[in-house]
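Comments concern the structure below.
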Amino acid sequence: MLTGLKDATVGRLPGKLNGQQFVIQDCDNCKIFVLDHSATITIDDCTNCCIVMGPVKGSVFFRDCKDIKCVVACQQFRTRDCQKMEVFLCCATQPIIEASTGMKFGCFQYYYPELAFHFKDAGLSIFNNNWSNVHDFTPVSGETNWSLLPEDTVVLDHVPAPDPESEFKSVRVSAEASRSIVPMTKGGRRKESDESCLFVFFAGEYTTANARKLIDEASGKGFVLIQTKEVSMRPEDVSRVFQNNAEGLLEWITNGPVTALELNGDGVVEACKSMASDVFSGTKVFVSDNRSTSSRDVDNFFNFADMQMGL
């Protein structure tokens, strides 16, 4: 645990926590870097701190905290009696705030060399991120207790990298969206275009690399990644979600979970179809066939995925 610290740069280097529980309490004006995976983390009575947490297998719970800026990846995220927090979040379930005000959320953007392994160790998928789907347990009518950070927010302006003098200086940290382990998604923000496309990769050795390649190619063409999900499917799910196209897909779900992406922008369906044939010709994928059915494809898949995950 870290307790009763003031004006300090502290935390844990990669390999030091190895999946244990961690507690942070009564810290003031500290920079805290927990650059490892852990079981759960509770943060109590902290003020004016910047906190970076590597992947947490279970829950992250902030209580009675104020003026906190943090980068967090976890299974469950919860705050109670907190004020003024900025959270760059990757959360596998719906984030919950309770009796908390001035809460601002952005998409997780962070990198350090061990981070991808820490996601695996914590059992978290980089594609299951519900950062913008916040549930306020104690809403006040006429008031908004939470909002989304501006899209162009620069993470390191809010949660600075480790000081060159600190013990964390040896860890190569980056918060550029292009290097982030978790894909940058638009989440609940308003879509610019009425045209979205569903692109699904079936399990294989290079699914993660392929999905990343697609995101890079698509964003290079000016399209926007709205949301992603990694989820297992049963035969009956395939026919419900893919309807007329289900026939040729059944054999592919037995290899493991599918990874789905919603891409948005005028002309995105045709662009995705040509990327599927040019770039991913040797890979089993599903791509929306035309504009008139593509939004139904997106709704069918993500409604199914959200139900599967209890969202």
Side-chain angles (χ1 to χ4, degrees), residues 2 9-22 24 31-41 43 49-60 68-77 86-93 95 105-131 149 153-164 166-185 187 205-216 219 225 228-230 257 259 261:
L2 296 171
T9 297
V10 290
R12 293 291 181 271
L13 285 162
K16 297 295 184 206
L17 255 186
N18 273 331
Q20 298 177 74
Q21 293 185 2
F22 201 62
I24 301 169
K31 290 181 182 145
I32 299 169
F33 296 92
V34 183
L35 303 179
D36 205 353
H37 66 106
S38 57
T40 60
I41 298 185
I43 306 96
C49 291
C50 291
I51 307 172
V52 175
M53 294 178 229
V56 182
K57 192 184 184 84
S59 64
V60 168
I68 303 290
K69 295 174 176 172
C70 59
V71 175
V72 188
C74 57
Q75 176 73 23
Q76 292 178 306
F77 177 87
E86 293 177 0
V87 186
F88 296 95
L89 180 64
C90 178
C91 188
T93 56
F105 292 87
C107 182
F108 182 102
Q109 294 165 73
Y110 217 73
Y111 168 87
Y112 58 83
E114 297 83 356
L115 185 53
F117 298 111
H118 292 165
F119 264 91
K120 281 200 173 65
D121 292 336
L124 299 178
S125 166
I126 60 171
F127 297 111
N128 291 335
N129 186 5
N130 295 288
W131 67 271
L149 286 158
T153 303
V154 178
V155 176
L156 293 183
D157 290 351
H158 297 251
V159 186
D163 305 329
S166 76
E167 61 172 319
F168 304 97
K169 69 175 186 298
S170 60
V171 183
R172 297 199 318 281
V173 160
S174 166
E176 285 172 46
S178 59
R179 294 198 69 187
S180 177
I181 293 294
V182 174
M184 177 76 172
T185 50
E205 286 171 50
Y206 307 109
T207 307
T208 301
N210 282 335
R212 287 195 166 286
K213 188 166 177 53
L214 172 67
I215 294 165
D216 290 346
S219 56
L225 182 64
T228 61
K229 280 282 187 298
E230 182 181 340
T259 300
L261 305 91

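Nothing fancy with the numbering, it's 1 onward along the sequence. These figures come from a predicted structure and were not determined experimentally.
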(request) Could you go through the side-chain contact (heavy atoms from CB on, under 4.5 Å) check for Lys69 and Val155 one step at a time? (result) CA-CA 10 Å; Lys69 295 174 176 172; Val155 176; over 6 Å; no

(request) Can you spot which of Val71, Val154, Val87, Val173 makes a side chain to side chain contact (heavy atoms under 4.5 Å, CB included) with Val159? (result)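 Only one option passes, and that is Val71.
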
(request) Please name the pair of heavy atoms, one in Cys50 and one in Pro160, separated by the smallest distance, quoted to 0.1 Å. (result)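 Heavy atoms only, the tightest pair is SG-CD, 3.8 Å.
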
(message) Minimum heavy-atom separation for Ala211 and Thr259, please, with both atom names.
(response)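 Heavy atoms only, the tightest pair is CB-CG2, 4.3 Å.
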
Distance from [X] atom [atom1] to [Y] atom [atom2], nearest 0.5 Å?
X: Cys74; Y: Leu89; atom1: SG; atom2: CG; answer: 5.5 Å
X: Phe33; Y: Ile51; atom1: CZ; atom2: CD1; answer: 10.5 Å
X: Ser219; Y: Leu225; atom1: OG; atom2: CG; answer: 8.5 Å
X: Leu17; Y: Leu35; atom1: CG; atom2: CG; answer: 10.0 Å
X: Glu230; Y: Asn129; atom1: CD; atom2: CG; answer: 13.0 Å
X: Thr228; Y: Ile215; atom1: OG1; atom2: CD1; answer: 6.5 Å

With a 4.5 Å limit on heavy-atom distance, are the side chains of [X] and [Y] in contact?
X: Pro183; Y: Ile126; result: yes
X: Pro14; Y: Val171; result: yes
X: Phe22; Y: Arg12; result: yes
X: Ile41; Y: Gln21; result: no
X: Trp131; Y: Thr185; result: yes
X: Thr153; Y: Glu86; result: no

(request) Check the angle between the aromatic planes of Phe77 and Phe105 and answer parallel, tilted or perpendicular using the 30° and 60° thresholds. (result)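 Geometry flag for Phe105 against Phe77: perpendicular rings.
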
Distance-only donor-acceptor hits, side chain of residues 108-124, under 3.5 Å, sequence neighbours excluded:
| residue | atom | partner | partner atom | Å |
| --- | --- | --- | --- | --- |
| Tyr112 | OH | His118 | ND1 | 2.8 |
| His118 | NE2 | Asp36 | OD1 | 3.3 |

(request) Name all residues meeting the side-chain contact (heavy atoms from CB on, under 4.5 Å) criterion together with Gln76; count only those two or more places apart in sequence or in a different chain, and write none if there are none. (result)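 For Gln76, the residues satisfying side-chain contact (heavy atoms from CB on, under 4.5 Å) (neighbours in sequence not counted) are Ser59, Thr93.
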
(message) Under the rule for side chain to side chain donor-acceptor pair (under 3.5 Å), what residues qualify as partners of Thr9, not counting sequence neighbours?
(response)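 Here the qualifying residues are Asp163.
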
(request) Any chance you could lay out the side-chain contact (heavy atoms from CB on, under 4.5 Å) test for Phe88 and His158, step after step, and finish with the verdict? (result) CA-CA 10 Å; Phe88 296 95; His158 297 251; 4.0 Å; yes

